[in-house]
Amino acid sequence: MQHFPVLGIADPPRSKSAIHKAYRTAAKLWHPDRYENNPRKRLEAEEQFKLLQIAYRELCDHFDNPQRRYVQREYRAKDINDVYAAERFSGATPPPTIFFGDAHHCYSIAHFPEGAEKVILDSALGGAESPVGFVNMSGALDEQGMPARYILLTNHRLFIRDSSELVHVLWYADLGEIAYIDRHAERKQRLSYRLFGWLLDKERRFTLKVDRRDGSNFYALKDTPDDRVKKVIYNFLQQMRAKSQL
């Protein structure tokens, strides 16, 4: 397939984990964040990174559905607009991206640790589904092994595993209201808050509340992760809900 050289694969992969490993290696090389101080190189990296995502998705899909025929296309950086026109025509779109900044234990696809890869393999993602972001809520003690608590964001679903050892899953098509709630808002008018509010502001003060489309509560993230990570996830889910309703 034409996608093999895009991911740097010489021979057909024997497993989806091999496809993921090749993608992860190539994504580290071409992730746009590596070229923040080089605008020209960043543009090239953004185009190449999109091609990597397309190749990864279609190879995974082909691995799950080997009998399906694919229309082979030549990918050229200068012809990127035609490539995406073809993708939109076929009904496929490139996976989204997420950026956590320097937040601890939070990773985009190009930087997944071993523990995140184990979670992804265990989640049995579909051929057209690709991982986008990962948050290890167990902390640094569990970066190599499979974390006990985590958030996995793909291009189609949200996975949350909490201390109950249950994995909560929600398709973006079923997303309802998403709220970023200030738990201290009602306290701001109190004298005690005006005197000691600066202490409260150092704590985790926001809750990320996610509802299903039917209005029922799916999950509320309170103490973990960090508030700024909750805000990143909030913005990402808003984006995915809007796309799913197009």
Side-chain angles (χ1 to χ4, degrees), residues 16-17 20 24 53 56-57 60 95-183 203-245:
K16 285 182 68 175
S17 62
H20 177 68
R24 184 169 178 263
Q53 292 175 323
Y56 172 76
R57 183 183 67 249
C60 285
T97 58
I98 192 168
F99 181 61
F100 293 105
D102 60 352
H104 297 300
H105 316 305
C106 301
Y107 310 93
S108 59
I109 179 65
H111 308 287
F112 282 166
E114 184 178 343
E117 293 182 356
K118 292 179 180 178
V119 170
I120 292 166
L121 292 174
D122 192 60
S123 300
L125 305 184
E129 188 172 19
S130 57
V132 177
F134 187 84
V135 178
N136 180 356
M137 295 194 293
S138 297
L141 295 179
D142 209 350
E143 294 288 8
Q144 299 303 315
M146 186 179 293
R149 297 182 299 140
Y150 60 80
I151 299 170
L152 172 62
L153 299 153
T154 77
N155 57 332
H156 290 306
R157 288 184 285 178
L158 165 66
F159 296 76
I160 300 177
R161 190 179 195 271
D162 56 21
S163 56
S164 69
E165 298 186 355
L166 295 175
V167 179
H168 308 265
V169 183
L170 182 66
W171 291 88
Y172 297 143
D174 292 329
L175 273 171
E177 182 180 357
I178 309 163
Y180 189 62
I181 305 168
D182 184 354
R183 299 198 298 269
E203 302 173 355
R204 290 179 174 85
R205 55 181 286 182
F206 287 90
T207 294
L208 175 57
K209 183 174 179 290
V210 180
D211 290 341
R212 298 182 181 88
R213 196 169 185 176
D214 63 5
S216 62
N217 177 248
F218 168 68
Y219 205 88
L221 293 167
K222 296 181 179 180
D223 296 329
T224 55
D226 185 90
D227 283 346
R228 59 178 174 166
V229 176
K230 294 190 194 102
K231 185 65 174 180
V232 171
I233 296 173
Y234 167 81
N235 291 332
F236 179 83
L237 293 179
Q238 291 280 16
Q239 173 190 357
M240 300 314 297
R241 182 180 65 176
K243 286 186 176 181
S244 69
Q245 294 177 355

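Because the structure is predicted, anything quoted here is derived from the model rather than measured.
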### Task
Measure up the Tyr172 and Phe236 rings against each other and bin them: parallel (under 30°), tilted (30 to 60°), perpendicular (over 60°).
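If you compare the ring of Tyr172 with that of Phe236, the planes turn out perpendicular.
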### Message
Restricting to non-hydrogen atoms, name the atom on Gln239 and the atom on Pro96 that form the minimum distance, rounded to 0.1 Å.
### Response
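Result for this residue pair: NE2-CB, 4.2 Å.
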### Exercise: identify the closest heavy-atom pair between Glu177 and Arg241
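Heavy-atom minimum between the residues: CA-NH1, 3.5 Å.
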Any side-chain heavy-atom pair from [X] and [Y] closer than 4.5 angstrom?
{"X": "Glu129", "Y": "Asn155", "answer": "yes"}
{"X": "Phe218", "Y": "Asp211", "answer": "no"}
{"X": "Val119", "Y": "Pro147", "answer": "yes"}
{"X": "Tyr234", "Y": "Ile178", "answer": "yes"}
{"X": "Trp171", "Y": "Arg157", "answer": "yes"}
{"X": "Ile98", "Y": "Phe134", "answer": "no"}

Roughly how far, to the nearest 0.5 Å, is the [atom2] atom of [Y] from the [atom1] atom of [X]?
{"X": "Leu152", "Y": "Asp122", "atom1": "CG", "atom2": "CG", "answer": "10.5 Å"}
{"X": "Phe159", "Y": "Ile151", "atom1": "CZ", "atom2": "CD1", "answer": "13.0 Å"}
{"X": "Lys118", "Y": "Ser123", "atom1": "NZ", "atom2": "OG", "answer": "14.0 Å"}
{"X": "Met240", "Y": "His156", "atom1": "CE", "atom2": "NE2", "answer": "8.0 Å"}
{"X": "Leu153", "Y": "Cys106", "atom1": "CG", "atom2": "SG", "answer": "10.0 Å"}

### Query
Is there a side-chain contact (heavy atoms from CB on, under 4.5 Å) between Val167 and Tyr150 once you walk through the steps?
CA-CA 9 Å; Val167 179; Tyr150 60 80; 3.8 Å; yes
### Message
A quick test of your reading: do over 12 heavy atoms of other residues, nucleotides or ligands sit less than 6.0 Å from CZ of Arg149?
### Response
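Check passes, neighbour count above 12.
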### Carboxylate-amine/guanidinium contact Arg228 Asp102, below 4.0 Å
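Counted as a salt bridge, because a side-chain N and a carboxylate O are separated by less than 4.0 Å.
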### Message
Check this for me: does any side-chain nitrogen of one of Asp214 and Arg212 sit under 4.0 Å from a carboxylate oxygen of the other?
### Response
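No.
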### Query
Which residue, Leu175, Leu221, Ile160, forms the side chain to side chain contact (heavy atoms under 4.5 Å, CB included) with Val210?
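The residue from Leu175, Leu221, Ile160 that satisfies side chain to side chain contact (heavy atoms under 4.5 Å, CB included) with Val210 turns out to be Leu175.
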Is a donor on one side and an acceptor on the other found under 3.5 Å between the side chain of [X] and the backbone of [Y]?
{"X": "Thr207", "Y": "Lys209", "result": "no"}
{"X": "Ser138", "Y": "Ala148", "result": "yes"}
{"X": "Arg24", "Y": "Phe112", "result": "yes"}
{"X": "Tyr180", "Y": "Asp227", "result": "yes"}
{"X": "Lys230", "Y": "Lys222", "result": "yes"}

### Task
Name all residues meeting the ring-ring contact (aromatic ring centres under 6.0 Å, His included) criterion together with His168; count only those two or more places apart in sequence or in a different chain, and write none if there are none.
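Scan of His168 (ring-ring contact (aromatic ring centres under 6.0 Å, His included), adjacent residues dropped) gives Tyr219.
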